[in-house]
Amino acid sequence: MQTKFFRRKMSINYGKIKKYISAPRLQTYEIVCSNNTQRALKAYQTNIRLSQAFYPLLTMVEVVLRNAINEELTDHFSDANWLINQQTGFMVDPSLTTIDRRTNQLRHNHYLKISVEKSIRKIRIGCTQGKIISTLEFGFWTAFFDNYHYRILSGSPIRIFSRLPSGTNRAVVFDKLTRIRDFRNRVYHNEPIIFDKNNAGTPYYSLDKANEIYQDIEDIFTWLNLDFVKWTKKIDNVPFELKRTYYVINHYPSRKYYYFRVKLGISHYKKKYIN
């Protein structure tokens, strides 16, 4: 009787939920869940939980990356205020200006300079190197590993990674950081991270990308010679939420789901806070 009441209540409220979350946003979940609105809403909530679990890791990897780059380039330029002073230096290097073959117009790749100028305008009063660093976007720091800026800086950025595996070059690092940045943007904009799409554009359940990004984040920590487990043990709920997502998609709302959910939760929090 309780189950029937719960389903009837969900059915009544789903229209209002759909109105405020938006029909296009929920459509992907409905397709994957075979138009079962109860499971679709649960999948939507599960996506939020997994995004929430990734948030602290994405924040931390951004912080350690930007601070490592700042330290390296402070030494490279022998200048603790290189962000301010290099606006007229490498950030406007002549090699960053090219001719568009299609329009025959000059193109200036001054993304770093423009980003710093934007941060300075935002800070306005009492602008310091530290304040600028804290306002710059993740894309600013990944740009140091693109081919243009990396070459201008003579490969200096990659020296932040003291434990880089043999054969791992700039392109590998750049691809990894780009994946993290793109995934970060999906998380911050509440986009689905528990689905993928086939060649026809039809969404299907997949955690391949989420698992890949989790490994990418761990790799960045390891390459920086930071113990990933020690740094993230108290804030890392991603493995737990990945397993929980699997149970939601494959077993919700059966009793099997609730059994595994409780068992998984006990195991996770015991490992996190007791072991």
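Computation of the quantities below employed the complete heavy-atom set of this structure, encompassing side-chain atoms and omitting hydrogens, waters and symmetry-equivalent molecules.
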Quick one: pull up [atom1] in [X] and [atom2] in [Y] and give me the separation to the nearest 0.5 Å.
X	Y	atom1	atom2	answer
Glu117	Ile84	CD	CD1	12.5 Å
Leu242	Thr46	CG	OG1	11.5 Å
Thr222	Arg163	OG1	CZ	6.5 Å
Ser162	Leu224	OG	CG	7.0 Å
Ile160	Asn225	CD1	CG	12.5 Å
Arg170	Leu164	CZ	CG	12.5 Å

What heavy-atom pair brings [X] and [Y] nearest, and what distance separates the two atoms?
X	Y	value
Lys42	Val248	CG-CG1, 3.7 Å
Ala143	His149	O-ND1, 3.4 Å
Ser156	Glu72	OG-OE2, 2.9 Å
Phe161	Val173	CE1-CG1, 3.7 Å
Ala43	Cys33	CB-SG, 4.0 Å
Arg39	Pro253	CG-CD, 4.4 Å

Mind checking whether [X] and [Y] have side chains closer than 4.5 Å, heavy atoms only?
X	Y	value
Arg261	His251	no
Met91	His110	no
Ile220	Lys176	yes
Arg179	Lys209	yes
Thr74	Phe77	no
Lys18	Glu30	yes
Leu50	Asn47	no
Phe145	Ile69	yes

Validation: residues 55-64 side-chain donor-acceptor distances under 3.5 Å, sequence neighbours left out:
{"from": "Thr59", "atom 1": "OG1", "to": "Tyr55", "atom 2": "O", "distance (Å)": "3.0"}
{"from": "Glu62", "atom 1": "OE1", "to": "Arg184", "atom 2": "NE", "distance (Å)": "3.3"}

Practice problem: Not counting sequence neighbours, which residues clear side chain to side chain contact (heavy atoms under 4.5 Å, CB included) with Lys230? List them please. | Solution: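 For Lys230, the residues satisfying side chain to side chain contact (heavy atoms under 4.5 Å, CB included) (neighbours in sequence not counted) are Asp227.
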**Message:** Which residues pass the side chain to side chain contact (heavy atoms under 4.5 Å, CB included) test with Asp182, not counting sequence neighbours?
**Reply:**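 So Asp182 forms a side chain to side chain contact (heavy atoms under 4.5 Å, CB included) with Thr178.
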What side-chain donor-acceptor pairs closer than 3.5 Å can you find for residues 200-207, not counting sequence neighbours?
{"from": "Ser206", "atom 1": "OG", "to": "Asp208", "atom 2": "N", "distance (Å)": "3.3"}

Taking atom [atom1] of [X] as the centre, report whether more than 12 heavy atoms of other residues, nucleotides or ligands fall under 6.0 Å from it.
X	atom1	answer
Lys263	NZ	no
Lys234	NZ	yes
Phe90	CZ	yes
Leu106	CG	yes

Examine the side chains of [X] and [Y] and answer whether a donor and an acceptor come within less than 3.5 Å of each other.
X	Y	result
Ser115	Glu137	no
Asp219	Gln215	yes
Asn250	Lys256	no

Practice problem: Apply side chain to side chain contact (heavy atoms under 4.5 Å, CB included) to Leu96 and Tyr111, showing your working. | Solution: CA-CA 10 Å; Leu96 295 172; Tyr111 168 68; over 6 Å; no
Open item on the list: If hydrophobic residues (ILVMFWY) are linked whenever their side-chain heavy atoms come closer than 4.5 Å, directly or via other members, who joins Val229 in its cluster?
Closed with: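 Noted: Val229 shares its cluster with no other residue.
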Q.
Taking transitive links into account, so neighbours of neighbours count too, which hydrophobic residues share a cluster with Ile266 at under 4.5 Å side-chain distance?
A.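 ILVMFWY cluster around Ile266 also holds Val262.
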Residue list, ring-ring contact (aromatic ring centres under 6.0 Å, His included) with [X], at least two apart or on another chain:
X	answer
Phe228	Tyr214, Phe221
Phe174	none
Phe240	His268, Tyr269
Tyr29	Tyr44, Phe195

In one Ile/Leu/Val/Met/Phe/Trp/Tyr side-chain cluster, 4.5 Å: [X], [Y]:
X	Y	value
Val116	Ile152	yes
Ile114	Leu73	no
Leu153	Val92	no
Ile21	Ile31	no

### Query
Can any side-chain N or O of Asn169 pair as donor or acceptor with the backbone N or O of Val172 at less than 3.5 Å?
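The answer is yes, because a donor-acceptor pair under 3.5 Å joins these two groups.
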Ignoring hydrogens and angles, tell me if any N or O in the side chain of Ser34 forms a donor-acceptor pair with the backbone of Asn36 under 3.5 Å.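 Checking the backbone N and O of Asn36 against the side chain of Ser34, no donor-acceptor pair under 3.5 Å is found.
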**Ring centers of Phe183, Phe54 separated by less than 6.0 Å** =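 Phe183 vs Phe54: aromatic centres under 6.0 Å.
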- Please lay out, stage by stage, how Phe138 and Ile180 fare under the test side chain to side chain contact (heavy atoms under 4.5 Å, CB included). CA-CA 9 Å; Phe138 191 57; Ile180 294 173; 3.9 Å; yes
Under 3.5 Å, which donor-acceptor pairs do the side chains of residues 120-136 form with other protein atoms, sequence neighbours left out?
{"from": "Thr128", "atom 1": "OG1", "to": "Lys131", "atom 2": "N", "distance (Å)": "3.2"}
{"from": "Gln129", "atom 1": "OE1", "to": "Leu83", "atom 2": "N", "distance (Å)": "3.3"}
{"from": "Gln129", "atom 1": "NE2", "to": "Asn70", "atom 2": "OD1", "distance (Å)": "3.0"}
{"from": "Lys131", "atom 1": "NZ", "to": "Gly126", "atom 2": "O", "distance (Å)": "3.1"}
{"from": "Ser134", "atom 1": "OG", "to": "Lys131", "atom 2": "O", "distance (Å)": "2.7"}
{"from": "Thr135", "atom 1": "OG1", "to": "Ser119", "atom 2": "OG", "distance (Å)": "3.0"}
{"from": "Thr135", "atom 1": "OG1", "to": "Lys131", "atom 2": "O", "distance (Å)": "3.4"}
{"from": "Thr135", "atom 1": "OG1", "to": "Ile132", "atom 2": "O", "distance (Å)": "2.9"}

Checklist line | Pairs where residues 83-97 contributes a residue and the test side chain to side chain donor-acceptor pair (under 3.5 Å) is met, not counting sequence neighbours | finding: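 Every pair satisfying side chain to side chain donor-acceptor pair (under 3.5 Å) with a residue in residues 83-97: Asp79-Asn85, Asp93-Ser95, Thr97-His108.
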Checklist entry - Would Tyr247 and Tyr257 satisfy ring pair (Phe, Tyr, Trp, His ring centres under 6.0 Å), going step by step from the backbone distance to the final call? => result CA-CA 6 Å; Tyr247 292 133; Tyr257 160 75; 7.5 Å; no
